[in-house]
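Beneath this line is the structure, given in C-alpha cells, with notes to follow.
Hydrogens, waters and symmetry mates play no part in the numbers below; they use all other heavy atoms, side chains included.
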Amino acid sequence: QVQLVESGGGLVQTGGSLRLSCAASGRSFSSYPMGWFRQAPGKERELVAAISWSGGSTYYADSVKGRFTISRDNAKNTVYLQINSLKPEDTAVYYCAALVGSGSFHDLYEYDYWGQGTQVTVSS
C-alpha cells in the first residue's frame, strides 16, 4: 500500500510558477517510479511528467517540455513538479501517482496508487 498526498497548488497569473509536492508513505518510496498527471474539466487525465525510481530517467509530455521539471528526494519520500511559465491551458487538477508494478512509467494505466489531487488555476 502507498499513500500519496499532493500540495502546492493554487491560483497564479499567466507566466507565474508553482512547485507541487507529493509526499508518499507506505511501501519503500525509492523502489518505484512516480508520475504527475493532470485533468482539466471535460478532458481526459493525461501524464505530464514521470521519473524513474532513482531519478535517473524522466519523461515529459510535449506540451510541458521546457516548462515543467520533475524531481524526487528519496530521503524525504517526496516527488516534486516545478511548473514555470504557466499558461491558462495548464489549469487542471494535478495528481501524483505511484507505479508499484512492473509496467512502463510512460503509461497512465500502469500506475497503481493515486493522490487526491491539487488544483492549479492560471488566470489570464
Sequence neighbours excluded, every pair satisfying ring-ring contact (aromatic ring centres under 6.0 Å, His included) that has a member inside residues 6-45: Phe29-Tyr32, Phe37-Tyr111, Phe37-Trp114
With a cut-off of 3.5 Å and sequence neighbours excluded, list every side-chain donor-acceptor pair involving residues 100-107.
{"residue": "Ser104", "atom": "OG", "partner": "His106", "partner atom": "N", "Å": "3.1"}
{"residue": "Asp107", "atom": "OD1", "partner": "Tyr109", "partner atom": "N", "Å": "2.9"}

Nearest 0.5 Å please: distance from the OG1 atom of Thr121 over to the CG atom of Leu18. 9.5 Å
Would you give the length of the straight line joining atom CG of Leu81 to atom CE of Met34, rounded to the nearest 0.5 angstrom? 11.5 Å
Please report the shortest heavy-atom distance between Ser85 and Ser17, naming the atom on each side. N-OG, 4.3 Å
Nearest 0.5 Å, please: how far is CG in Asn77 from OG in Ser30? 8.0 Å
Can you see which heavy atom on Ser21 is nearest to which on Thr78, and at what distance? CB-CG2, 4.3 Å
So with a 6.0 Å cut-off around CD of Gln1, is the heavy-atom count from everything else above 12? no
Residue pairs passing the salt bridge (charged side-chain N to carboxylate O under 4.0 Å, His left out) test where at least one lies in residues 69-83, sequence neighbours excluded: none
Between side-chain atoms of residues 40-53 and protein atoms elsewhere (two or more places apart, or another chain), which donor-acceptor pairs fall under 3.5 Å?
{"residue": "Arg45", "atom": "NE", "partner": "Gln39", "partner atom": "OE1", "Å": "3.3"}
{"residue": "Arg45", "atom": "NH2", "partner": "Gln39", "partner atom": "OE1", "Å": "3.4"}
{"residue": "Glu46", "atom": "OE2", "partner": "Arg38", "partner atom": "NE", "Å": "2.7"}
{"residue": "Glu46", "atom": "OE2", "partner": "Arg38", "partner atom": "NH2", "Å": "3.3"}
{"residue": "Ser52", "atom": "OG", "partner": "Gly55", "partner atom": "N", "Å": "3.4"}
{"residue": "Ser52", "atom": "OG", "partner": "Gly56", "partner atom": "N", "Å": "3.2"}
{"residue": "Ser52", "atom": "OG", "partner": "Ser57", "partner atom": "N", "Å": "3.0"}
{"residue": "Ser52", "atom": "OG", "partner": "Ser57", "partner atom": "O", "Å": "3.4"}

Would you say that Ser71 contacts Gln82 through its side chain, given a criterion of any heavy-atom pair below 4.5 Å between the two side chains? no
Any luck finding a side-chain donor-acceptor pair between Gln3 and Ser25 under 3.5 Å? yes
State which residues pass salt bridge (charged side-chain N to carboxylate O under 4.0 Å, His left out) with Lys87; sequence neighbours excluded, sorted by chain then number. none
Using the rule that Ile, Leu, Val, Met, Phe, Trp and Tyr join whenever any side-chain heavy atoms are under 4.5 Å apart, tell me whether Ile70 and Leu86 fall into a single cluster. yes
If you group Ile, Leu, Val, Met, Phe, Trp and Tyr by side-chain heavy-atom gaps below 4.5 Å, do Val120 and Phe68 land in one group? yes
Which atoms form the tightest heavy-atom contact between Glu110 and Leu99, and what is the distance? O-CG, 3.5 Å
Distance, nearest 0.5 Å, that separates CD of Gln13 from OG of Ser123: 5.0 Å
Assigning hydrophobic clusters by single linkage (Ile, Leu, Val, Met, Phe, Trp, Tyr; side-chain heavy-atom cutoff under 4.5 Å), is Ile83 placed with Tyr95? no
Do Tyr94 and Val64 belong together in a cluster built from hydrophobic side chains that touch within less than 4.5 Å? yes
Pairwise distance OG(Ser7) to CD(Gln116) - rounded to 0.5 angstrom: 8.5 Å
Specify the closest pair of heavy atoms between Val2 and Leu4, including all atoms of both residues, with the distance to one decimal. CG1-CD2, 3.7 Å
Non-neighbouring partners of Arg19 that pass side chain to side chain donor-acceptor pair (under 3.5 Å), sequence neighbours left out: none
